[in-house]
Amino acid sequence: MNLEIKKMSFFDFLTSSYEVEKIKIWISIVVIWFYIAYDVWHKSKGTLSIKDLFVNIIPSGLLISLGINVFVYLIVYFIKYKRALKESPVIKAQISENFIRNFYLFGDKQKYSIKKYSEFTKIYEKNNGFYFILTKRSALFLPKKGLSEEENSYVGKLVSKYKTTGKKNDKTKGKKKK
């Protein structure tokens, strides 16, 4: 089945980018939060008690670090989204029972020739679309609202058939077939 999605919205790009890079985002939130807590603790020169640290510093530091990250990542992802729209605004793929052929990632000029489903590190479905993760930095994301009902059900069946968690394939559970 040939799929073509003409344009991805910023919200779809934002959610797909978060899904691919969520570990990095949460690490940056924790790092900023620890920095804020350390900075307040260091400036107080030990006059803050542990109770003050847990009651005041931890919640406010968490809100500040979350706000900083949301602001920074919205700007970064908006710039990436605009650049991706200029490079290649379409998502194309030929999806069959065993392979994905001739597919373009959103914003990537490179055309990927053919991949077996076992070559993807993760394949799964979320409410907003289907994810075929190649590496930690690249993924084929198919937004559900860009697909027709027939395409949606076809890709949904394939994703449920080849669904992976990033580990060994669930069907073999890491054991060799005899």
With sequence neighbours left out, the residues meeting salt bridge (Lys or Arg N to Asp or Glu O under 4.0 Å) with K145 are D12

Distance check, rounded to the nearest 0.5 Å: [X] atom [atom1] versus [Y] atom [atom2]?
X	Y	atom1	atom2	result
I100	I123	CD1	CD1	6.5 Å
S16	L105	OG	CG	10.5 Å
N128	E19	CG	CD	7.5 Å
S118	F99	OG	CZ	9.0 Å
M1	I95	CE	CD1	9.0 Å
S9	L14	OG	CG	9.5 Å

Exercise. Before giving the answer on side chain to side chain contact (heavy atoms under 4.5 Å, CB included), spell out for V20 and I133 the whole-Å C-alpha distance, their side-chain angles and the decisive distance to 0.1 Å.
Key: CA-CA 8 Å; V20 173; I133 311 283; 3.8 Å; yes

Side-chain contact, heavy-atom cut-off 4.5 Å: [X] with [Y]?
X	Y	value
L147	F130	yes
F11	Y81	no
I91	F103	no

Any residue meeting ring pair (Phe, Tyr, Trp, His ring centres under 6.0 Å) with [X], in chain and number order, not counting sequence neighbours:
X	answer
F78	F10
Y117	Y162
F120	F132

- [ ] Take the angle between the ring planes of Y131 and F141 and call it parallel below 30°, perpendicular above 60°, tilted in between.
- [x] tilted

Considering residues at least two apart in sequence or located in another chain, which fulfil the side-chain hydrogen bond (donor to acceptor under 3.5 Å, both in side chains) criterion with [X]?
X	result
K6	E4
Y154	none
N69	S28

In short, salt bridge (Lys or Arg N to Asp or Glu O under 4.0 Å) pairs touching residues 87-98 with sequence neighbours left out are E97-K161

Step-by-step side chain to side chain contact (heavy atoms under 4.5 Å, CB included) determination, L134 to K115: CA-CA 10 Å; L134 282 169; K115 294 281 184 191; 3.9 Å; yes

Hey, quick one: are [X] and [Y] part of the same hydrophobic cluster, counting side-chain heavy atoms closer than 4.5 Å, chains of contacts allowed?
X	Y	value
V90	V155	no
V70	I29	yes
I23	V31	yes
V30	L66	yes

With [X] via side chain to side chain contact (heavy atoms under 4.5 Å, CB included) - residues at least two apart:
X	value
V76	V72, K80
Y18	K22, I25, W26
I64	I36, I68
S148	E150, E151

- Does E125 offer a backbone N or O that forms a donor-acceptor pair with the side chain of K163 under 3.5 Å? no

Heavy-atom nearest pair, L140 first then A93, reads CD2-CB, 4.4 Å

